[in-house]
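Quick notes on the structure that follows.
Numbers here are sequence positions counted from 1.
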Amino acid sequence: MTTTAAPTTAAIPGPASAYQGDIARYWNNEARPVNLLLGDVDGLYHHHYGIGDVDHSAIQADDPAEREAKVIAELHRLESAQTNVLLDHLGPITAEDSLLDAGCGRGGSMVMAHQRFNCTVEGVTLSSTQADFGNKRAVELGIDHAVRSRVANMLDLPFENGQMAASWNNESSMYVDLEDLFSEHSRVLKRGGRYVTITGCWNPTYGQPSKWVSQINAHFECNIHSRREYMRAMADNRLVPQAVIDLTPATLPYWELRATTSIVTGIEEAFIESYKDGSFQYLLIAADRV
């Protein structure tokens with residue numbers, strides 16, 4: 001199913017910095033086939049990467065065009081598998097709860113969360129293009145009563161103290177200061193609420209960010225943090241890690257398969273080589289608000 005983004009009607013919020021204004025413009029103009037074509041497979045539009053073993057039997061085909069379509073479907077399956085792992089770590093959620101996706105992109109994870117828990121899911125993004133797209137999909141799916149994207153700054157969340165049972169950042173925390181980010185998550189989470197992030201971070205045991213990490217920063221106009229920075233900022237903001245899982249081996253198959261397709265973006269080598277040399281890691285951190 002192909003979905004065309006709705007016209008951008010929401011106003012970009014006043015950014016906390018000029019940099020965040022640049023990020024809003026970056027994602028308003030982003031329309032990479034790697035995001036849109038994968039989402040067209042089943043209408044779930046993600047902005048993150050995949051985990052899990054590749055099902056090579058699912059991508060066999062003599063015709064190159066047929067194989068390409070099968071590979072795209074397999075990459076999308078691995079993307080959704082990543083979301084399911086994140087949702088697995090949110091803890092017990094009821095239909096009466098509210099969840100927060102900070103940096104929600106086009107809303108694929110929000111849809112999956114509602115489908116699993118039947119609860120309210122709020123998303124924030126600096127991009128009016130993304131928010132409009134996500135809200136249009138929610139209307140098409142008949143879940144707009146429970147799933148909503150809004151244009152807002154994740155460092156100044158438009159929610160009440162303790163409103164959320166759980167919250168997450170799925171590959172979006174590299175765009176902000178972690179102290180400010182975790183302060184806001186801590187504020188909007190109820191006591192005992194669960195925060196989860198899946199993120200790429202540079203490995204402090206490597207010494208400094210590698211050349212590959214620098215390339216990733218330049219490509220996405222982001223600022224990747226170290227693993228140590230995540231732990232320190234969580235401790236400063238009443239978020240106590242309950243699980244820290246290294247997903248690096250699980251994400252390599254996704255990148256190695258993606259590098260064989262026509263939808264490459266030029267950044268695949270940096271991810272593959274940095275994961276292999278240990279300078280970059282793909283982590284899931286689940287923490288409780290105390």
Any idea which heavy atoms bring [X] and [Y] closest together, and the distance?
| X | Y | result |
| --- | --- | --- |
| R194 | G91 | NH1-N, 4.5 Å |
| D101 | S109 | OD2-CB, 3.9 Å |
| T251 | G50 | OG1-O, 2.8 Å |
| A146 | C119 | CB-O, 3.9 Å |
| P253 | A250 | CD-O, 3.6 Å |
| A113 | W168 | CB-CH2, 3.8 Å |

Backbone N or O of [Y] within a donor-acceptor pair of the [X] side chain at under 3.5 Å?
| X | Y | answer |
| --- | --- | --- |
| S80 | R77 | no |
| N217 | I224 | yes |
| H89 | V85 | yes |
| E96 | T94 | no |

Are side-chain N/O atoms of [X] and [Y] paired as donor and acceptor at under 3.5 Å?
| X | Y | value |
| --- | --- | --- |
| S186 | R289 | yes |
| Q163 | S98 | no |
| N169 | T197 | no |
| Q60 | R67 | no |
| D180 | S183 | no |
| N237 | R187 | no |
| T129 | N28 | yes |
| Y230 | S173 | yes |

Item to complete: Take F182 and Y195 through the test ring pair (Phe, Tyr, Trp, His ring centres under 6.0 Å) and record every step on the way to the result.
Response: CA-CA 9 Å; F182 293 153; Y195 170 76; 5.4 Å; yes
Item to complete: Go through the steps for T125 and Q130 under the test side chain to side chain donor-acceptor pair (under 3.5 Å), then give the verdict.
Response: CA-CA 7 Å; T125 171; Q130 290 182 342; 2.8 Å; yes
Transitive ILVMFWY side-chain link [X] to [Y], under 4.5 Å:
| X | Y | answer |
| --- | --- | --- |
| V139 | F133 | no |
| I245 | I198 | yes |
| M174 | Y19 | yes |
| L252 | Y206 | no |
| W202 | W212 | no |

Does any part of the side chain of [Y], heavy atoms only, come nearer than 4.5 Å to the side chain of [X], both counted from C-beta?
| X | Y | result |
| --- | --- | --- |
| E79 | Y49 | no |
| V121 | R148 | no |
| Q242 | I285 | no |
| S274 | I216 | yes |
| E68 | T261 | yes |
| D97 | K190 | yes |
| H76 | L44 | yes |
| T199 | E171 | no |

Roughly how far, to the nearest 0.5 Å, is the [atom2] atom of [Y] from the [atom1] atom of [X]?
| X | Y | atom1 | atom2 | value |
| --- | --- | --- | --- | --- |
| W27 | F220 | CH2 | CZ | 6.5 Å |
| H185 | L157 | NE2 | CG | 6.5 Å |
| C201 | R228 | SG | CZ | 11.0 Å |
| N153 | Q20 | CG | CD | 4.5 Å |
| H47 | N170 | NE2 | CG | 11.0 Å |
| L189 | M164 | CG | CE | 8.5 Å |

Worksheet item: When you look at D55 and I59, which way does the side-chain contact (heavy atoms from CB on, under 4.5 Å) test go after all the steps?
Response: CA-CA 7 Å; D55 181 358; I59 60 176; over 6 Å; no
Item to complete: Report, as yes or no, whether the 6.0 Å neighbourhood of atom CG on N161 holds more than 12 heavy atoms from other residues, nucleotides or ligands.
Response: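 Atom CG in N161 is crowded, with more than 12 foreign heavy atoms closer than 6.0 Å.
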Worksheet item: Between L247 and Q281, is a side-chain contact (heavy atoms from CB on, under 4.5 Å) present by the stated rule, with each step listed?
Response: CA-CA 8 Å; L247 296 174; Q281 294 178 305; over 6 Å; no
Discussion item. In terms of relative ring orientation, are F280 and Y275 parallel, tilted or perpendicular, with 30° and 60° separating the classes?
Written reply: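 Because their plane-to-plane angle is under 30°, the rings of F280 and Y275 count as parallel.
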Fill in: salt bridge (charged side-chain N to carboxylate O under 4.0 Å, His left out) involving D246 - partner list, sequence neighbours excluded
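D246 satisfies salt bridge (charged side-chain N to carboxylate O under 4.0 Å, His left out) with no other residue.
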Is the shortest distance from a Lys or Arg side-chain nitrogen in [X] or [Y] to a carboxylate oxygen in the other one below 4.0 Å?
| X | Y | value |
| --- | --- | --- |
| E30 | R106 | yes |
| E256 | K276 | yes |
| R232 | E229 | no |

Worksheet entry | Residues D144, K136; criterion salt bridge (charged side-chain N to carboxylate O under 4.0 Å, His left out); working and verdict | CA-CA 8 Å; D144 53 303; K136 182 173 184 289; over 6 Å; no
Item to complete: Assess whether salt bridge (charged side-chain N to carboxylate O under 4.0 Å, His left out) is satisfied between E66 and K70, documenting all intermediate values.
Response: CA-CA 6 Å; E66 182 183 354; K70 289 184 174 183; 3.5 Å; yes
Practice prompt. Let me see the working for T120 and L99 under side-chain contact (heavy atoms from CB on, under 4.5 Å), right down to the final yes or no.
Written response: CA-CA 6 Å; T120 298; L99 308 180; over 6 Å; no
Worksheet item: Rest of the hydrophobic cluster containing V240 (Ile/Leu/Val/Met/Phe/Trp/Tyr, side-chain heavy atoms under 4.5 Å)?
Response: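 Other cluster members: V290.
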Practice prompt. Take N135 and R150 through the side chain to side chain donor-acceptor pair (under 3.5 Å) test and state the conclusion after the steps.
Written response: CA-CA 8 Å; N135 286 329; R150 68 175 81 189; over 6 Å; no
Practice prompt. Apply side-chain contact (heavy atoms from CB on, under 4.5 Å) to L181 and M154, showing your working.
Written response: CA-CA 7 Å; L181 175 67; M154 69 175 77; 3.4 Å; yes
Worksheet entry | Residue of the set Y254, Y282, W255 for which ring pair (Phe, Tyr, Trp, His ring centres under 6.0 Å) holds with F271 |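 Of all the options given, the one that passes is W255.
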